[in-house]
Amino acid sequence: MKNLAEIAVNKCKILGAEYADIRIVEMKDEELRVKNGKISDVTNAVSLGYGIRVIVDGAWGFAASSVMNTKDIEKTAELAVRIGKASSMKINKKVKLSKEKPYIDRWNSPYMIDPFKVGMDEKLGLLFEIDEILRKDKKIKNAESYMWFNREHQWFLSSEGSFIEQELLRSGGGFSVTSSDGNTFQKRSYPASFGQYVQGGYEVIYGLKLIEGAEKTREEAIELLTAENCPSGKKDLIIVGEQLALQIHESVGHATELDRVLGLEANYAGRSFVNIEKKGNFKYGSDIVNIVADPTAPTGLGTYGYDDDGVRAHRFHVIKNGIFENFLGNREFAHEQIENFSRACNRAEGWINIPIVRMPNLSLMPGSYKYEDLIKDTEDGIIVSTVKSWSIDQYRYNFQFGMEIAWLIENGKITKTVKNPTYQGITPEFWGSCDAICNEDYWKFWGVPNCGKGQPGQRAEMSHGCAPARFRKIEVGIV
Ligand SMILES: [Zn+2]
């Protein structure tokens with residue numbers, strides 16, 4: 001692979017590129033689904049190709065191909081340079097990359113059991129076993145269980161002397177059930193709305209305790225059919241599990257991506273209320289809110305040794321003691337937030353896409369509360385879990401979430417289950433109302449395997465770590 005990569009980068013330099021890199025990427029995906037007693041999907045996809053990125057006369061050029069030979073790699077390099085030259089006639093501002101150290105390194109995510117070597121019988125057998133437990137009651141009208149495995153092997157070589165090989169392995173799964181009494185429907189999912197995914201091998205599946213969670217999930221879906229609706233009005237809101245992860249993702253992660261802030265990314269609710277002037281002084285949340293970007297944290301879906309600019313991953317605060325500190329950035333935009341180094345957040349999906357600013361693992365740091373004490377300490381509250389619907393405006397400012405389930409807290413005790421809960425807020429007010437966070441015993445990574453961004457659209461993976469947290473006097477209601 002190194003030889004092919006060198007041929008590409010040398011060709012770009014000969015043709016006049018000021019900077020060139022190539023990423024050769026081999027992707028393997030496997031997805032298995034069982035729905036209502038039948039296999040509904042078995043996907044095995046493999047892809048191998050390369051993307052060549054250049055800067056010519058201050059402008060980006062990019063071209064990709066899946067034909068792995070010298071002739072084609074040179075042709076693709078020529079095309080990337082031609083595109084760069086053409087782009088340079090249209091730009092107002094020349095691309096300026098932050099100065100970074102070149103690396104020669106190899107990095108891989110640790111794992112115990114290669115999921116691609118585990119037999120189909122075992123995987124599908126487990127999904128059928130879950131399916132049977134889920135459909136034991138006639139009120140269950142739909143049951144779906146699934147697993148997903150992804151291996152990404154990449155080689156990065158740049159004209160600055162970097163050669164980095166990385167191998168990332170991601171595994172996970174989950175299930176959901178829909179109950180009905182003939183008139184209404186209710187849904188419950190486990191361990192999270194779209195499953196749970198982490199970096200690791202097939203051992204991840206054992207750790208999810210899918211069989212153990214099936215009966216309780218089914219019973220909750222049935223219980224919701226006769227539950228009262230969630231009350232409306234202002235309540236103290238305790239957010240648990242992956243719902244809080246999604247809250248971090250949508251209202252902090254996307255809002256602090258530097259390309260959106262600069263107005264260069266406007267798709268998928270793509271701008272941001274955060275601007276450059278807010279760095280270092282804007283009150284984003286209460287004093288206990290600490291949100292940290294950490295692509296070095298073990299088991300995260302957004303854990304890597306180096307980003308797709310070849311910059312070494314590192315941990316940094318996005319929000320520190322409630323104050324907004326840093327944007328998620330890359331080499332190109334580092335100077336925009338007045339920094340002379342990159343925050344290592346540039347990533348691409350596969351080999352066919354150009355890297356864009358992507359949040360790595362982004363987590364709310366734990367606080368000091370025990371979960372039982374948090375409940376005891378809440379007079380008029382509601383606990384919400386498992387996202388069902390969400391909407392957020394293009395500035396990542398006003399949002400509303402709907403969840404699968406909620407529980408009322410009255411005078412320090414959980415009193416009943418309620419259905420169709422929603423809550424809404426305005427990002428800085430909402431984070432400003434956070435007055436309690438549970439301690440590290442309750443802290444957990446939740447994987448987002450399918451964050452969409454860009455045009456053409458790209459998928460990226462990341463995790464958000466959090467422990468249950470309380471937000472005071474939040475507007476709640478029903479769907
Ligand atoms: Zn996203």
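The structure presented is a predicted model; accordingly, all values stated were derived computationally and were not measured. Keep in mind that the numbers below use all heavy atoms, side chains included, and drop hydrogens, waters and symmetry copies. Read the numbers this way: they start at 1 and go in the same order the structure lists the ligands and their atoms.
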Taking only distance into account, with no hydrogens and no angle test, what donor-acceptor pairs under 3.5 Å do side-chain atoms of residues 316-325 form with protein atoms, sequence neighbours excluded?
none

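Just one residue in the list I291, V274, T427 forms a side chain to side chain contact (heavy atoms under 4.5 Å, CB included) with V252, and that residue is I291. Each of V204, L301, V448 was checked for a side chain to side chain contact (heavy atoms under 4.5 Å, CB included) with Y197, and the lone residue meeting it is L301.
Between L237 atom CG and I382 atom CD1 the span is 7.0 Å, to the nearest 0.5 Å.
With a 4.5 Å cut-off on side-chain heavy atoms, D309 and R53 count as touching.
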For this session: Begin with the C-alpha distance, continue with both residues' side-chain angles, and end with the deciding distance and a verdict on side-chain contact (heavy atoms from CB on, under 4.5 Å) for V311 and R331.
Result: CA-CA 8 Å; V311 178; R331 288 188 72 179; 3.7 Å; yes

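Take the Zn ion (ligand 1) and draw a sphere of radius 2.8 Å; the protein N/O/S atoms inside it number 3.
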